[in-house]
Amino acid sequence: MVKIAVLVSGGGTNLQALIDAQSRGEIPEGKLSLVVASKPGIYSLERAQKAGIPAVVLRKKDFDTQEAYDAALIQTLEDAGIGLVVMAGFLTIIGEQVIRKFENRILNIHPSLIPSFCGEGFYGLRVHEAALKRGVKVTGATVHFVNEICDGGPIVFQKAVAVEDGDTPESLQLRVMQQAEWKILPRAVALFCEGRLSIKDGIVSVKD
Ligand code: GRF
């Protein structure tokens, strides 16, 4: 059984998708074991409490350096016996130490079809604003492993979503969440926990 930690910074709809998938028995080899919030008072913490998942708040500003924050995060994850870290709407930068310690065991959900509209500064509504400004007809979401390059790790799953006439960043974000994020993230987590994701030369394949 792989113990899963979910790192959150906001409303937690992706966390909820994982909770609901677990309730439906869709993550048989994984257990949501910890929620790490980047700040207090976010709705993600309500969702964790309702689901009976232990939660901690780890605020970057409480640490003098990136290294001190990374060490605290690593300690928190190791104390909980975490085998998979899922960044779900998490906005705090994690440092090299964390990435090395949990190499190929950190998944992130990004609300675009990487390599479009990703990297530094592309998060939340900004991603959808950029997609609408560019006039793309198709966008979507990507689940990828986290490495030292922002949104640059090996891609696990992607799902396309149509941009519709009259879309606002908010309407597009909701559609991408509903039709893509909330589907591909639980699926990727389940397959990881079943040991069915392999990476070769930066390319992810799903083992039968
Ligand atoms: C959303 O923009 C989502 O696309 C991205 O993080 C933001 C908040 O997600 N992954 P959540 O509702 O907190 O899961």
Side-chain angles (χ1 to χ4, degrees), residues 4-23 26-27 30 32 34-51 53 55-60 84-94 106-134 136 138-147 149-153 155-164 167-190 192:
I4 303 163
V6 185
L7 278 49
V8 293
S9 295
T13 63
N14 279 289
L15 167 64
Q16 192 63 52
L18 291 167
I19 291 168
D20 296 345
Q22 179 172 266
S23 303
E26 294 170 6
I27 310 177
L32 296 172
L34 179 67
V35 168
V36 180
S38 60
K39 60 186 177 184
I42 55 175
Y43 194 61
S44 292
L45 289 168
E46 303 259 331
R47 296 182 192 272
Q49 188 185 25
K50 286 192 185 110
I53 303 170
V56 295
V57 177
L58 217 50
R59 291 190 307 188
K60 184 74 162 297
L84 171 65
V85 178
V86 179
M87 296 167 68
F90 190 64
L91 299 178
T92 300
I93 302 296
I94 59 173
I106 308 175
L107 290 173
N108 181 50
I109 176 82
H110 182 77
S112 76
L113 296 176
I114 287 173
S116 297
F117 313 116
C118 66
E120 302 295 330
F122 282 102
Y123 57 86
L125 278 178
R126 292 182 177 198
V127 174
H128 305 292
E129 286 164 1
L132 290 171
K133 186 174 180 188
R134 183 64 185 81
V136 296
V138 174
T139 184
T142 302
V143 180
H144 63 91
F145 282 105
V146 172
N147 65 8
I149 303 161
C150 180
D151 294 331
I155 291 172
V156 179
F157 282 143
Q158 294 188 294
K159 192 166 190 320
V161 174
V163 179
E164 294 178 3
D167 258 333
T168 62
E170 291 78 7
S171 65
L172 184 54
Q173 178 180 53
L174 183 57
R175 190 177 314 114
V176 168
M177 285 174 157
Q178 288 171 327
Q179 295 184 11
E181 295 180 41
W182 301 343
K183 294 183 185 306
I184 62 177
L185 183 59
R187 183 79 184 123
V189 168
F192 177 94

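Predicted model only: the values in this text are computed from it and were never measured. Whatever order the structure lists them in is the order used to number ligands and atoms, beginning at 1.
Among Asn108, Leu18, Asn14, the residue whose heavy atom lies nearest to atom 9 (O) of ligand 1 is Asn14.
Of all the atoms in ligand 1, the ones that sit under 4.0 Å from a non-hydrogen atom of Ile109 are 10 (N). Ligand 1 places these atoms under 4.0 Å from at least one heavy atom of Gly11: 13 (O). Contact atoms of ligand 1 toward Gly124: 2 (O) (distance under 4.0 Å to a heavy atom of the residue). Ligand-side atoms of ligand 1 in range of Glu181: 3 (C), 4 (O), 5 (C), 10 (N), range being under 4.0 angstrom from any heavy atom.
Within the 3.5 Å criterion, the main-chain N or O of Leu91 finds a donor-acceptor partner in the side chain of Ser9. Within the 3.5 Å criterion, the main-chain N or O of Gln158 finds no donor-acceptor partner in the side chain of Thr142. A distance-only check finds no donor-acceptor pair linking the side chain of Glu26 to the backbone of Arg187 [under 3.5 Å]. A donor-acceptor pair under 3.5 Å links the side-chain atoms of Arg47 to the main chain of Gly11, judged by distance alone.
For atom 7 (C) of ligand 1, the closest non-hydrogen atom of the protein is Gly89 CA, 4.1 Å. Looking only at heavy atoms of the protein, atom 2 (O) of ligand 1 is closest to Gln173 NE2, 2.9 Å. Counting protein heavy atoms only, atom 1 (C) of ligand 1 is closest to Met177 CE, 3.5 Å. Remark: minimum distance from atom 12 (O) of ligand 1 to any protein heavy atom is reached at Thr13 OG1, 2.6 Å.
Residue Lys39 places its NZ atom among 12 or fewer non-hydrogen atoms of other residues, nucleotides or ligands, all under 6.0 Å distant. More than 12 non-hydrogen atoms from other residues, nucleotides or ligands lie less than 6.0 angstrom from CG of Leu125.
Checking only distances, His128 never comes within under 3.5 Å of ligand 1, N or O to N or O. Ligand 1 has a nitrogen or oxygen under 3.5 angstrom from a nitrogen or oxygen of Gly12.
Proximity of His110 to ligand 1, defined as any heavy-atom pair under 4.0 Å, is not found for any part of the residue.
Contact check for Ile94 versus Met87: side-chain heavy atoms found under the 4.5 Å cut-off.
When all heavy atoms of Leu132 and Pro169 are compared, the closest pair comes out as CD1-N, 3.4 Å.
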